[in-house]
Amino acid sequence: QVQLVESGGGLVQTGGSLRLSCAVSGRTFSRSTMGWFRQAPGKERDFVAAINWAGATYYADSAVGRFAISRDSAKNTVFLQMNKLEPEDTAVYYCAAQIPYRSSTSAPGDYDYWGQGTQVTVSS
């Protein structure tokens, strides 16, 4: 069994920054793809960013230039650095793991394990 636990959410002002963390336990982190998704009230769960075992990164258009995903393989942890935050970024952010590898990484159905989510609120 794989467990994912997000942390680092909170309340920030427009233009501020947050760094989210996702700790993975129960299974080896290597050769998996880790993703971040977000879901606002009344909205679908949308892709934000992903990183695979080799360090290749993928971003939603809304994240390009503002967000950066990274990983610490030794500690089985993935991060999402969020800068220049806007009210539209307000959502519950979820960490997800794709084990084993599959070529698709941008849909919720592409992932096998999920964290409980962490709230990010950006005030205007």
Side-chain angles (χ1 to χ4, degrees):
Q1 186 175 354
V2 175
Q3 295 85 37
L4 288 73
V5 180
E6 303 99 331
S7 61
L11 174 64
V12 298
Q13 296 180 358
T14 297
S17 299
L18 282 174
R19 185 177 179 86
L20 306 183
S21 299
C22 175
V24 183
S25 63
R27 188 169 178 176
T28 303
F29 183 86
S30 62
R31 307 206 72 174
S32 65
T33 295
M34 303 297 299
W36 287 97
F37 290 75
R38 66 187 184 187
Q39 188 167 22
K43 302 290 186 178
E44 297 181 348
R45 187 169 297 188
D46 291 329
F47 172 76
V48 177
I51 184 168
N52 73 6
W53 63 93
T57 58
Y58 311 88
Y59 294 96
D61 289 343
S62 61
V64 172
R66 300 190 300 129
F67 295 0
I69 189 170
S70 61
R71 63 183 175 92
D72 183 339
S73 297
K75 297 182 178 180
N76 285 352
T77 304
V78 64
F79 306 94
L80 183 68
Q81 178 68 46
M82 304 187 295
N83 302 317
K84 301 178 181 179
L85 286 163
E86 301 288 342
E88 292 74 19
D89 298 314
T90 295
V92 176
Y93 283 70
Y94 296 91
C95 179
Q98 181 189 87
I99 305 171
Y101 167 80
R102 294 186 295 279
S103 60
S104 182
T105 58
S106 62
D110 298 329
Y111 293 81
D112 305 290
Y113 303 95
W114 293 85
Q116 82 290 344
T118 185
Q119 177 70 47
V120 171
T121 302
V122 184
S123 63
S124 60

Student: Run through the side-chain heavy atoms of Ile, Leu, Val, Met, Phe, Trp and Tyr, join any pair under 4.5 Å, and report what else lands in Phe79's cluster.
Tutor: none

Student: I need the single residue from Thr90, Leu18, Leu80 that forms a side chain to side chain contact (heavy atoms under 4.5 Å, CB included) with Val120. Which is it?
Tutor: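 Option passing the side chain to side chain contact (heavy atoms under 4.5 Å, CB included) with Val120: Leu18.
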
Student: Please report the closest heavy-atom contact between Ser17 and Val12, naming both atoms and the distance.
Tutor: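 Taking every non-hydrogen atom into account, O-CG1, 3.8 Å.
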
Student: Please round to the nearest 0.5 Å and tell me the distance separating atom CD1 of Ile99 and atom OH of Tyr111.
Tutor: 11.5 Å

Student: Taking all heavy atoms of Cys95 and all of Met34, pick out the closest pair and write down the distance.
Tutor: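 Between these two residues, the closest heavy atoms are SG-CE, 3.7 Å.
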
Student: Scan Phe47, Tyr94, Tyr93 and name whichever one has a ring-ring contact (aromatic ring centres under 6.0 Å, His included) with Phe37.
Tutor: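 Filter result, single survivor: Phe47.
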
Student: Is there side-chain contact between Pro87 and Thr14, with heavy atoms separated by less than 4.5 Å?
Tutor: yes

Student: Show the atom names and distances, to 0.1 Å, of all donor-acceptor pairs under 3.5 Å that link a side chain in residues 60-67 to residues at least two apart or in another chain.
Tutor:
{"residue": "Arg66", "atom": "NE", "partner": "Ser62", "partner atom": "O", "Å": "3.3"}
{"residue": "Arg66", "atom": "NH1", "partner": "Lys84", "partner atom": "O", "Å": "3.0"}
{"residue": "Arg66", "atom": "NH1", "partner": "Asp89", "partner atom": "OD2", "Å": "2.7"}
{"residue": "Arg66", "atom": "NH2", "partner": "Ser62", "partner atom": "O", "Å": "2.8"}
{"residue": "Arg66", "atom": "NH2", "partner": "Asp89", "partner atom": "OD1", "Å": "3.0"}

Student: Can a donor-acceptor pair be found, under 3.5 Å and without considering hydrogens, that links the side chain of Gln81 to the backbone of Ser70?
Tutor: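 Side chain of Gln81 to backbone of Ser70, a donor-acceptor pair under 3.5 Å: no, none is there.
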
Student: Would Thr33 and Asn52 count as having a side-chain donor-acceptor pair, cut-off 3.5 Å?
Tutor: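 No, no side-chain donor-acceptor contact under 3.5 Å.
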
Student: Minimum heavy-atom separation for Cys22 to Trp36, with atom names?
Tutor: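 Shortest heavy-atom separation between Cys22 and Trp36 comes out as CB-CZ2, 3.7 Å.
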
Student: Could you measure the distance from the CD atom of Gln116 to the CD atom of Gln3? Nearest 0.5 Å is fine.
Tutor: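 Answer rounded to 0.5 Å: 11.5 Å.
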
Student: List for me each residue that meets salt bridge (charged side-chain N to carboxylate O under 4.0 Å, His left out) alongside Asp46, sequence neighbours excluded, and say none if there are none.
Tutor: none

Student: In Å and rounded to the nearest 0.5 Å, what is the CZ to CE distance from Arg19 to Met82?
Tutor: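 It comes to 11.0 Å.
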
Student: Quick one: CG on Leu20 to CD on Glu6, what's the gap to the nearest 0.5 Å?
Tutor: 8.5 Å

Student: Under 4.5 Å between any side-chain heavy atoms of Tyr58 and Ile69, yes or no?
Tutor: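 They are not in contact (no side-chain heavy atoms under 4.5 Å apart), so the answer is no.
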
Student: Search all heavy atoms of Gln119 against all heavy atoms of Thr121 and return the closest pair with its distance.
Tutor: NE2-OG1, 3.3 Å

Student: With hydrophobic residues grouped by side-chain heavy-atom distances under 4.5 Å, do Val2 and Ile51 end up in a single group?
Tutor: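 The answer is yes; both residues are in one hydrophobic cluster.
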
Student: Where do Ala91 and Arg38 come nearest, in terms of heavy atoms and distance?
Tutor: CB-CB, 3.8 Å

Student: Rounded to the nearest 0.5 Å, how far apart are CG of Asn76 and CG of Leu4?
Tutor: 10.0 Å

